[in-house]
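Residue numbering restarts at 1 for every chain, and letters A, B, ... go by the order of the sequence lines.
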2 protein chains.
Amino acid sequence: MARDTRERIVRVARELVHGSSFAQVSVEDVCQAAGVHKGSFYHFFGSKDALGLTLLDTNWLLVRAMLDEAFDAPAPPLQRIDAFVQGFCGMLVLVAERTGTMPGCPVGPLAAELAPHGDDARTRAAEVLDAWSGYFADAVREGQARGDLARGLDPAEVGRQVLGYLQGMALLAQVDGGAGLADRSRSGVRALLGAPG
Amino acid sequence: MARDTRERIVRVARELVHGSSFAQVSVEDVCQAAGVHKGSFYHFFGSKDALGLTLLDTNWLLVRAMLDEAFDAPAPPLQRIDAFVQGFCGMLVLVAERTGTMPGCPVGPLAAELAPHGDDARTRAAEVLDAWSGYFADAVREGQARGDLARGLDPAEVGRQVLGYLQGMALLAQVDGGAGLADRSRSGVRALLGAPG
DNA sequence: GGGCGTGTTGACCGTTCGGTCAAGTTGGTG
DNA sequence: CACCAACTTGACCGAACGGTCAACACGCCC
């Protein structure tokens with residue numbers, strides 16, 4: 001009796017969905033790729049949408065791990081933001097090299113796709129994106145306190161703009177292949193922060 | 001014999017897809033909403049993907065009309081960019097008020113969704129996004145020539161960043177409702193241009 | 001050993017999907 | 001009027017969809 005069935009389903013589903021979209025991946029696809037029967041799937045997940053929520057949470061956990069790694073480092077706030085952007089873009093490029101197709105952000109598009117599926121999904125999606133932009137906002141606040149950043153900008157606002165910018169650059173990369181994504185993203189983020197490139 | 005059947009299909013399909021995603025809208029949905037039988041649909045479109053391409057082109061035509069209106073105006077380049085951002089965000093908000101749900105960008109997500117469906121789709125998607133960012137790039141170039149903008153930035157690069165930023169802000173708005181989208185987007189675009197807010 | 005909870009199996013359900021088709025209907029043209 | 005092309009109709013196809021179910025296997029604890 002394999003105890004890792006649920007994890008296997010989630011892992012496989014994450015890859016499949018990341019490569020396209022939630023709607024385009026069927027429960028059957030997931031089961032086949034995970035070597036699991038549909039009955040087992042529905043033993044762990046009440047519905048396909050329930051899997052979607054789990055996927056969103058799992059992907060957010062992964063992104064948050066990257067955020068924590070970058071933002072817990074003993075470096076000035078601007079450099080911590082840079083480190084995350086580097087890591088985030090690097091992850092996307094890595095997936096692209098492994099799968100042959102540039103993926104989008106594993107969180108943003110999924111959140112946008114799930115949001116209309118119910119109030120709980122929309123709430124969760126909003127929470128996740130808020131939490132994410134909060135990391136940027138905190139760094140901006142600290143940068144302003146240290147004098148690295150001008151005080152004129154609203155940190156929460158800038159945090160949201162940086163998150164939006166990353167989401168958009170990931171989307172464009174999906175279409176154009178995303179060459180030099182990390183460097184190009186860094187300069188844009190710097191501009192949004194009002195800091196020299 | 002109504003000659004506007006094809007147009008009606010496209011118009012209805014644009015609305016349905018704009019509200020969710022291409023994959024989540026079925027040919028049946030489109031036909032029912034357009035008051036058309038499936039046989040008629042396949043008289044005009046060889047496949048569902050063919051409709052997707054048409055939708056991408058039609059939506060791009062609409063966005064390009066907004067671009068032309070803003071960028072043909074006798075105003076300095078920065079103001080022309082502002083005017084487009086204003087118009088673009090205003091259009092999204094208008095759709096939101098009419099349908100009750102904040103839509104995403106009618107072009108970007110569709111391009112990203114269609115891109116993996118074949119080489120021709122990916123090529124078309126890349127062309128559209130290139131053309132769009134080109135409008136921004138041209139304005140940046142002109143702004144630099146006039147001395148409104150610092151010369152250090154690569155216009156093509158900045159154009160792409162502005163487009164990505166707009167795409168991302170639209171995606172976030174889909175989740176959070178997008179209050180004050182236009183104003184918030186304008187300040188971010190200004191920052192990316194390296195111009196005062 | 002016997003029961004029980006956790007997983008697993010594979011067939012099955014009704015619905016919907018993208019797509020097809022032969023038979024009709026219409027409007028325009030000669 | 002006859003004819004042809006453009007268009008419409010509605011039934012139909014096989015496959016895939018999300019989801020269900022009763023029967024069954026295993027590990028664990030009393």
Worksheet item: Do E157(A) and S187(B) meet the criterion of a side-chain donor-acceptor pair at a distance under 3.5 Å?
Response: no
Practice prompt. Return the minimal non-hydrogen interatomic distance between P106(B) and V63(B), and the atom names on each side.
Written response: CG-CG2, 4.4 Å
Discussion item. I need the L55(B) CG to L110(B) CG distance, nearest 0.5 Å.
Written reply: 6.0 Å
Worksheet item: When the distance from CD of Q32(B) to C1' of dG18(C) is rounded to whole Å, what number comes out?
Response: 16 Å
Discussion item. Would you say T5(A) places a side-chain N or O within less than 4.0 Å of OP1 or OP2 belonging to dT8(C)?
Written reply: yes
Worksheet entry | Selected nucleotide, minimal atom distance to D29(B) side chain, candidates dG19(C), dG10(C), dC17(C) | dC17(C)
Fill in: Electrostatic pair D119(A):R122(A) at N-O distance under 4.0 angstrom
yes
Worksheet item: Which whole-number value in Å describes the distance from I9(A) CD1 to dG18(D) P?
Response: 14 Å
Worksheet, complete the sentence: Comparing K48(A) with V36(B), nearest DNA chain D nucleotide closer to 5' gives the residue V36(B)
Item to complete: Starting from P on dC7(D), measure out to OH on Y42(B) and report it in whole angstrom.
Response: 18 Å
Worksheet entry | Phosphate OP1/OP2 of dC17(C) contacted by S26(B) side-chain N/O (<4.0 Å) | yes
Worksheet item: Side chains of D29(B) and S26(B): do they bring a donor and an acceptor to under 3.5 Å?
Response: yes
Item to complete: Quickly work out the F45(A) CZ to dT20(D) C1' distance and round it to whole Å.
Response: 18 Å
Fill in: E28(B) CD to dA11(D) P, straight-line distance once rounded to whole Å
12 Å
Worksheet item: What is the distance from NE2 of H43(A) to C1' of dG7(C), rounded to the nearest Å?
Response: 5 Å
Discussion item. If you go through the side-chain atoms of K38(A), does one of them form a donor-acceptor pair with the base of dG10(C) closer than 3.5 Å?
Written reply: no
Discussion item. Applying a 4.0 Å non-hydrogen cut-off, can you work out what S40(B) is touching in the nucleic acid: base, sugar-phosphate, or nothing?
Written reply: base
Item to complete: Rounded to the nearest angstrom, tell me the gap between atom CD in Q24(A) and atom P in dG18(D).
Response: 12 Å
Item to complete: Let me know the distance between NE2 of H37(B) and P of dG18(C), rounded to the nearest Å.
Response: 17 Å
